[in-house]
There are 2 protein chains.
Amino acid sequence: MVDQEGTSPKPGARVDTSTCEYIGDMLARISDKWTLLVVRSLGRGPLRFSALRREVGEVSKKMLTSTLRELEENGFVTRTVIPTRPPQVEYALTDLGHDFLTPVQGIAEWVVKNSTRIDAARASYAGRV
Amino acid sequence: MVDQEGTSPKPGARVDTSTCEYIGDMLARISDKWTLLVVRSLGRGPLRFSALRREVGEVSKKMLTSTLRELEENGFVTRTVIPTRPPQVEYALTDLGHDFLTPVQGIAEWVVKNSTRIDAARASYAGRV
DNA sequence: TGCTCTGGTAACAATTAGTAACCAAGTGTG
DNA sequence: CACACTTGGTTACTAATTGTTACCAGAGCA
């Protein structure tokens with residue numbers, strides 16, 4: 001075996017393996033550049049595609065589309081087409097998505113509360129290097 | 001102007017703009033594929049590089065290295081070289097990193113609690129499509 | 001007529017992540 | 001002795017993901 005990258009089966013996991021895998025899977029699912037940002041934006045109320053794009057920031061149409069598709073697939077948001085002159089599409093959090101907002105806000109609040117410590121740590125690291 | 005992708009300055013943000021940007025920045029910082037997984041693994045105690053790699057799962061050395069470097073830079077983990085025969089390197093959460101574990105565990109717990117609903121939503125979407 | 005808006009999509013470019021090999025010093029195996 | 005294997009990486013190359021740009025279609029407006 002010459003420095004293999006692949007991981008072989010690991011028998012002795014500390015916590016229930018399938019639960020761990022499930023969490024890991026979900027964390028991987030939400031750990032992309034836009035998902036949390038989009039959920040947070042929709043947490044303040046339903047938004048149309050363009051409004052959401054303005055709200056989130058520098059997200060491209062393509063990535064916003066694919067992020068929303070995946071959130072839809074996971075049951076976090078609904079997509080409603082409003083048949084106006086140029087048809088508009090409204091995105092809103094489902095009950096599940098709204099509940100998910102709680103832990104997400106938890107992170108956001110933690111970040112705000114600890115911003116001083118984070119900045120201090122970063123400054124200190126920059127100083128050491 | 002022909003379908004510009006760039007976003008122009010947006011004056012009327014609902015919440016304090018700089019706070020929002022700070023949160024967005026931090027969310028972007030932790031929303032990569034491995035950060036949350038690594039923090040969660042180190043939450044159970046300090047681990048050496050290889051042990052951590054086994055714990056996290058299918059992460060490549062390269063990505064684990066860069067993830068750990070960024071966590072170090074943000075003051076979430078410490079890196080300690082143990083001068084043994086082949087020198088070993090131990091990674092551990094700092095106080096800041098340990099505190100961060102709380103909101104991260106919040107997400108993990110939410111996922112476990114709501115796994116039934118998530119699975120149901122996914123199945124329902126798969127059925128509709 | 002020309003330019004705007006709507007919510008996308010397709011083709012291509014740029015960035016990022018993953019893979020495989022390598023390093024160097026020391027241990028164990030045949 | 002020669003080989004394999006350990007440690008924590010780095011490097012070069014490739015694969016996958018993201019971002020950019022242009023385009024669609026139908027209506028509004030000057």
Side-chain angles (χ1 to χ4, degrees), chain A residues 1-8 10 24-25 27-38 41-42 46-73 77-92 129, chain B residues 1-8 10 24-25 27-38 41-42 46-73 77-92 129:
Chain A
M1 198 203 285
V2 187
D3 207 356
Q4 264 302 115
E5 282 288 343
T7 315
S8 34
K10 169 182 46 104
D25 180 66
L27 285 183
R29 204 176 289 270
I30 61 168
S31 291
D32 64 283
K33 208 168 166 185
W34 304 113
T35 301
L36 292 180
L37 261 18
V38 167
S41 290
L42 288 178
L47 287 170
R48 287 180 301 104
F49 188 84
S50 306
L52 183 54
R53 205 153 91 86
R54 277 186 292 270
E55 193 81 6
V56 170
E58 358 73 70
V59 62
S60 68
K61 290 187 200 176
K62 184 185 162 191
M63 286 318 295
L64 184 53
T65 301
S66 70
T67 300
L68 285 166
R69 287 291 137 81
E70 212 182 311
L71 281 169
E72 214 193 329
E73 201 174 316
V77 309
T78 53
R79 179 179 181 274
T80 316
V81 178
I82 308 164
T84 43
R85 321 72 174 170
Q88 303 186 338
V89 180
E90 191 178 75
Y91 289 93
V129 178
Chain B
M1 197 203 284
V2 187
D3 206 359
Q4 266 299 117
E5 282 288 344
T7 313
S8 35
K10 170 182 45 105
D25 179 65
L27 285 183
R29 206 177 289 270
I30 62 167
S31 290
D32 63 284
K33 207 171 168 184
W34 304 112
T35 301
L36 292 181
L37 261 17
V38 167
S41 289
L42 288 178
L47 287 170
R48 287 180 301 103
F49 188 84
S50 306
L52 183 53
R53 205 153 92 85
R54 277 185 292 268
E55 193 81 7
V56 170
E58 359 72 69
V59 62
S60 66
K61 289 185 198 177
K62 184 187 162 193
M63 286 318 295
L64 184 54
T65 302
S66 69
T67 300
L68 286 167
R69 287 289 136 81
E70 213 180 311
L71 282 169
E72 213 191 330
E73 203 174 315
V77 310
T78 53
R79 178 178 182 276
T80 316
V81 179
I82 307 163
T84 44
R85 320 69 172 174
Q88 302 188 336
V89 181
E90 191 177 74
Y91 290 94
V129 177

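Note that the coordinates shown come from a computational prediction; the quantities given were computed from them, not determined experimentally. Quick note on labels: first sequence line is chain A, next is B, and so on, each numbered from 1.
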*d(CZ, B:Arg29; C1', C:dT16) in whole Å*: 17 Å
*Taking only side-chain nitrogens and oxygens of B:Trp34, does any of them come within less than 4.0 Å of OP1 or OP2 of C:dT16?*
no
Kindly list each side-chain donor-acceptor pair under 3.5 angstrom involving residues 65-73 of chain B, sequence neighbours excluded, with atom names and distances?
from    : atom 1 : to      : atom 2 : distance (Å)
B:Thr65 : OG1    : B:Lys61 : O      : 2.8
B:Ser66 : OG     : B:Met63 : O      : 3.2
B:Thr67 : OG1    : B:Met63 : O      : 2.7

*asked:* Restricting to side-chain hydrogen bond (donor to acceptor under 3.5 Å, both in side chains), what partner residues turn up for A:Arg29, sequence neighbours left out?
replied: A:Asp25
_Just verifying a value: how many Å separate B:Trp34 CH2 and B:Ser60 OG, rounded to the nearest 0.5 Å?_
7.5 Å
_How many whole angstroms separate atom CG of A:Leu64 from atom C1' of C:dG8?_
11 Å
*Reckon B:Arg79 has a side-chain N or O less than 4.0 Å from the OP1 or OP2 of D:dG9?*
yes
*Check the distance between D:dC24's P and A:Lys61's NZ and give it to me in whole angstrom.*
13 Å
*Rounded to whole angstroms, how far apart are NZ on B:Lys62 and C1' on C:dA17?*
6 Å
*Can you check the A:Leu68 CG to C:dT9 C1' distance for me, whole Å?*
15 Å
_Neighbours of DNA chain C within residues 82-91 of chain A, by heavy-atom distance under 4.0 Å_ = A:Pro86, A:Pro87, A:Gln88, A:Val89, A:Tyr91
*For B:Ser31, enumerate each residue passing the side-chain hydrogen bond (donor to acceptor under 3.5 Å, both in side chains) test, keeping only those at least two apart in sequence or located in another chain.*
none
*asked:* As an exercise, state the distance from CG of A:Leu37 to CG of B:Leu27, rounded to the nearest 0.5 Å.
replied: 6.0 Å
*Over how many whole Å does the gap from A:Leu47 atom CG to C:dT6 atom P extend?*
13 Å
*What nucleotide, of D:dG8, C:dG18, D:dT18, holds the atom closest to the side chain of A:Met63?*
D:dT18
*Among residues two or more places apart or on two chains, list those pairs meeting salt bridge (charged side-chain N to carboxylate O under 4.0 Å, His left out) that have a residue in residues 79-92 of chain A.*
none
*Would you say a side-chain N or O of B:Arg48 is under 4.0 Å from OP1 or OP2 of D:dG9?*
no
*Options D:dG8, D:dG19, D:dT7, nucleotide nearest the side-chain atoms of A:Lys33*: D:dG19
*Rounded to the nearest Å, what distance is computed from the CZ atom of residue A:Arg53 to the C1' atom of nucleotide C:dT6?*
12 Å
*With B:Ala51, which residues qualify under side-chain contact (heavy atoms from CB on, under 4.5 Å), at least two apart?*
B:Leu47, B:Arg54
